[in-house]
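Reviewing the structure listed below.
Letters A, B, ... mirror the listed sequences (proteins, then strands); counts begin at 1.
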Amino acid sequence: MMSVITFARSNALPLLRTSITARIQSTTASLSSLVRVEDKQGYAVVSMHKPPVNSLSLEMIQALSESLSELEKNKCKGFILTSACPGIFSAGLDIREMYQPTEGRLKEFWSSLQTLWLQLYGSKMASVALINVRICHAPAGGCLLAMCCDSRIMVNGKAKIGLNETKLGIVAPFWFKDTFVNTIGVRQSERALQLGSLFSPEEALKIGLVDRVLPDTEAATAVAESELKEFLQIPAMARYLSKMRIREAALKGLVENRETDLNTFVNFATTDAVQKGLGIYLQSLAKKN
Amino acid sequence: MMSVITFARSNALPLLRTSITARIQSTTASLSSLVRVEDKQGYAVVSMHKPPVNSLSLEMIQALSESLSELEKNKCKGFILTSACPGIFSAGLDIREMYQPTEGRLKEFWSSLQTLWLQLYGSKMASVALINVRICHAPAGGCLLAMCCDSRIMVNGKAKIGLNETKLGIVAPFWFKDTFVNTIGVRQSERALQLGSLFSPEEALKIGLVDRVLPDTEAATAVAESELKEFLQIPAMARYLSKMRIREAALKGLVENRETDLNTFVNFATTDAVQKGLGIYLQSLAKKN
Amino acid sequence: MMSVITFARSNALPLLRTSITARIQSTTASLSSLVRVEDKQGYAVVSMHKPPVNSLSLEMIQALSESLSELEKNKCKGFILTSACPGIFSAGLDIREMYQPTEGRLKEFWSSLQTLWLQLYGSKMASVALINVRICHAPAGGCLLAMCCDSRIMVNGKAKIGLNETKLGIVAPFWFKDTFVNTIGVRQSERALQLGSLFSPEEALKIGLVDRVLPDTEAATAVAESELKEFLQIPAMARYLSKMRIREAALKGLVENRETDLNTFVNFATTDAVQKGLGIYLQSLAKKN
């Protein structure tokens with residue numbers, strides 16, 4: 001049964017029982033079309049739907065954030081995070097948000113991403129990423145979203161997954177790195193972060209970046225569902241607190257350094273060198289289309 | 001040559017050269033029958049013998065703790081930790097210690113477990129866990145004891161090993177988690193802690209929870225012995241200090257938070273919800289027997 | 001084109017933009033013969049050449065350190081670290097530096113090793129270790145040098161690699177341990193540090209101590225070159241800062257504890273027990289030759 005939730009202004013979530021406030025300020029009716037939430041009995045399917053490539057613009061990030069807030073408010077126990085754009089999971093952060101931005105919007109963009117990560121990585125809900133890529137890779141921000149889930153199921157194909165920031169001359173923030181290290185370990189992270197490596201499904205499976213690889217979307221969907229149900233069979237509070245045992249240090253790292261991280265990002269993104277690089281990159285994309 | 005040591009009141013051990021005191025208070029003659037210590041030339045075999053399942057009651061924990069103290073006092077260089085109950089390693093903490101307890105005994109129970117972990121995980125002696133399970137799993141506390149050793153040899157069979165606390169609605173203490181992460185890494189711990197996973201011998205081998213799997217007890221015993229001898233060939237002080245390089249952070253974590261951890265446990269265990277859950281669980285066990 | 005650089009007195013490098021000063025004091029013309037630097041287009045090949053086994057004496061350590069300083073000064077982007085002694089990478093620290101030393105030289109020896117590690121592990125340059133061993137193992141200090149590089153390519157053969165300090169009754173310093181853990185993880189480090197394990201090329205590959213094993217030096221050299229070129233294709237600043245995300249905690253660990261580590265080493269090395277052990281060991285080496 002498909003039901004698209006219209007997201008009302010949602011209150012800030014008490015995350016980690018600390019002073020984090022989800023700084024979700026603006027919501028418009030249009031946000032609701034960016035993320036589709038399907039109510040399955042006992043869990044939800046959250047599908048990104050921002051054609052062509054589910055790029056993470058400010059509005060997309062806020063729509064995801066509000067979907068999660070809404071689900072938690074409705075006592076939802078778990079969700080599958082996936083894409084409603086065929087062959088694509090998410091192409092990552094929307095580069096256009098960083099090119100010739102107003103400072104206000106750039107700050108809101110990054111702060112919203114911080115909030116989304118804190119929500120997703122520290123979620124009380126169980127979560128499985130169904131990475132139904134075939135056409136487009138799941139780089140950077142797309143890989144980050146998947147790593148925040150409790151399990152990752154990937155469809156086999158030519159598309160790859162990874163944190164490829166260095167290939168664009170930029171550096172993954174420390175909390176991307178912490179998430180990466182918690183997922184694939186120190187040495188693999190060291191190498192892959194430096195090289196901006198994108199991994200094929202089989203390679204990703206081998207280093208532990210994904211947990212299962214299935215031949216097609218149908219098979220992957222079935223496994224994602226059974227995987228989520230396995231998590232949902234565990235008493236919820238014990239499961240959540242056990243997750244926090246592992247993730248709380250990384251979450252605390254961002255909570256305590258949000259402002260510094262925000263300023264670092266804004267200063268970096270607005271340097272002449274980065275702006276020039278982004279301009280060239282966007283021009284090359286425009287020519288392709 | 002079999003010799004059952006009768007444990008006298010033992011003094012607190014200077015552990016980590018810090019102010020840890022092994023709070024072993026009560027000892028009775030009957031403790032000596034719970035743990036059998038066999039003197040092999042150059043090392044010892046420490047066998048848990050509390051039928052039917054080597055559950056870790058207060059007395060069992062203290063008996064293990066005193067066996068280790070006694071061995072260290074006698075300049076023993078290393079030991080194999082195993083079970084004298086056929087087909088069983090240890091079923092973990094004795095749930096009955098937590099059900100309708102007196103506060104005094106509950107505190108002594110938990111404090112004794114802390115002491116045992118500090119002794120075993122920080123032991124100057126080399127140690128090999130010979131996990132001779134076939135009938136009964138080695139969950140929770142049983143798995144913890146094995147992880148504290150320097151090497152783990154498991155007999156193949158239907159029995160499993162892991163930290164399954166969440167399946168009972170409880171959460172492994174942070175020092176169980178630290179031991180787990182140091183053994184199988186962050187990602188495997190994150191998943192297994194949440195799901196309360198119990199691993200077959202082959203699965204445990206694959207994720208590094210055990211080091212060798214052998215087809216039967218005889219073969220496993222031979223490997224455990226040769227493994228221990230390999231550790232014993234290394235100059236003892238250099239070997240011990242190298243172990244401390246890796247384990248000292250985790251050990252320090254409990255030493256500095258013993259009281260907090262004790263209070264957290266006592267408060268948690270005595271909540272109505274947990275007491276009710278334990279009651280139902282114990283009733284179900286009673287019906288089985 | 002082969003060009004042997006003659007090393008002039010080099011200034012201390014600003015490392016990690018902190019107050020580290022590379023305490024390179026004495027240089028003599030003879031240092032230049034210990035390390036050969038070959039200029040390839042876009043990168044360098046740094047070859048240790050101190051027959052018979054590239055032992056790391058004070059002069060050898062300083063020559064390596066100065067080679068790196070010189071390369072950075074010349075804006076070199078990357079290098080292959082290898083050996084010009086056939087069949088040998090490096091036998092590790094020169095034991096003779098520790099036997100009946102003057103305190104001044106012993107301190108300079110250890111301080112120089114600290115400096116070399118800080119330079120190599122925190123290098124802005126990309127680096128690949130070409131471990132062209134066949135005859136002689138790459139233990140202790142030799143293994144450390146390799147682990148500091150961004151990638152390790154090893155020639156297959158009978159020679160082994162590892163941190164074997166405990167076998168000589170000594171303990172790897174904490175920063176050796178940190179480098180080890182960052183490379184092969186906690187559990188493998190715990191076991192290998194205790195046992196002083198030396199790994200065959202295939203074993204080293206399996207635990208991640210090396211990244212590739214090739215059948216001969218020619219094949220290994222080709223792979224080392226293509227591997228380095230892969231790192232060099234990445235924008236240099238983004239690559240370097242990504243490396244620092246992973247390594248900065250370990251680097252900071254030594255920067256903040258240099259004096260303590262130096263004193264610990266000097267006190268330990270000059271104890272009667274260690275001096276006696278080293279004497280016996282050196283006598284046994286002398287008899288072999």
Next item on the list: Could you tell me whether B/R134 atom CZ has more than 12 heavy atoms of other residues or ligands within 6.0 Å of it?
Entry: yes
Checklist line | Shortest non-hydrogen contact from B/R187 toward A/T183 | finding: CB-O, 3.4 Å
Next item on the list: Determine the minimum heavy-atom distance between B/T166 and A/A238, stating which atoms define it.
Entry: CG2-O, 3.6 Å
Checklist line | Distance, nearest 0.5 Å, that separates CG of A/D150 from CG of B/L195 | finding: 8.5 Å
Check: Roughly how far apart are B/L168 CG and A/I234 CD1, rounded to 0.5 Å?
Finding: 10.0 Å
Check: Would you say B/R96 has more than 12 foreign heavy atoms packed within less than 6.0 Å of its CZ?
Finding: no
Notebook entry, point to check: Is the number of heavy atoms from other residues, nucleotides or ligands within 6.0 Å of CG (B/D272) greater than 12?
Noted result: no
Notebook entry, point to check: Is it true that atom OH of B/Y281 has more than 12 heavy atoms of other residues, nucleotides or ligands lying nearer than 6.0 Å?
Noted result: no
Check: Does the salt bridge (Lys or Arg N to Asp or Glu O under 4.0 Å) test come out yes or no for B/E190 and A/K243, once each step is laid out?
Finding: CA-CA 6 Å; B/E190 180 185 84; A/K243 175 157 79 174; over 6 Å; no
Next item on the list: Can you tell which part of B/I170 gets under 4.5 Å to a heavy atom of chain A, answering side chain, backbone, both or neither?
Entry: backbone
Next item on the list: Rounded to the nearest 0.5 Å, what's the gap from NZ on B/K177 to CD1 on A/I246? Could you check?
Entry: 5.5 Å
Check: Looking only at atom types and distance, does a side-chain atom of A/R245 sit under 3.5 Å from a main-chain N or O of B/A172, one as donor and one as acceptor?
Finding: yes
Notebook entry, point to check: Rounded to the nearest 0.5 Å, how far does OG of A/S242 lie from CZ of B/F180?
Noted result: 10.5 Å
Note to self: Counting heavy-atom pairs closer than 4.5 Å to chain A, which one of B/S189, B/G185, B/G196, B/P173 comes out on top?
What the structure shows: B/P173
Checklist line | Step-by-step salt bridge (Lys or Arg N to Asp or Glu O under 4.0 Å) determination, A/E227 to B/R191 | finding: CA-CA 11 Å; A/E227 182 85 348; B/R191 183 181 174 89; 2.5 Å; yes
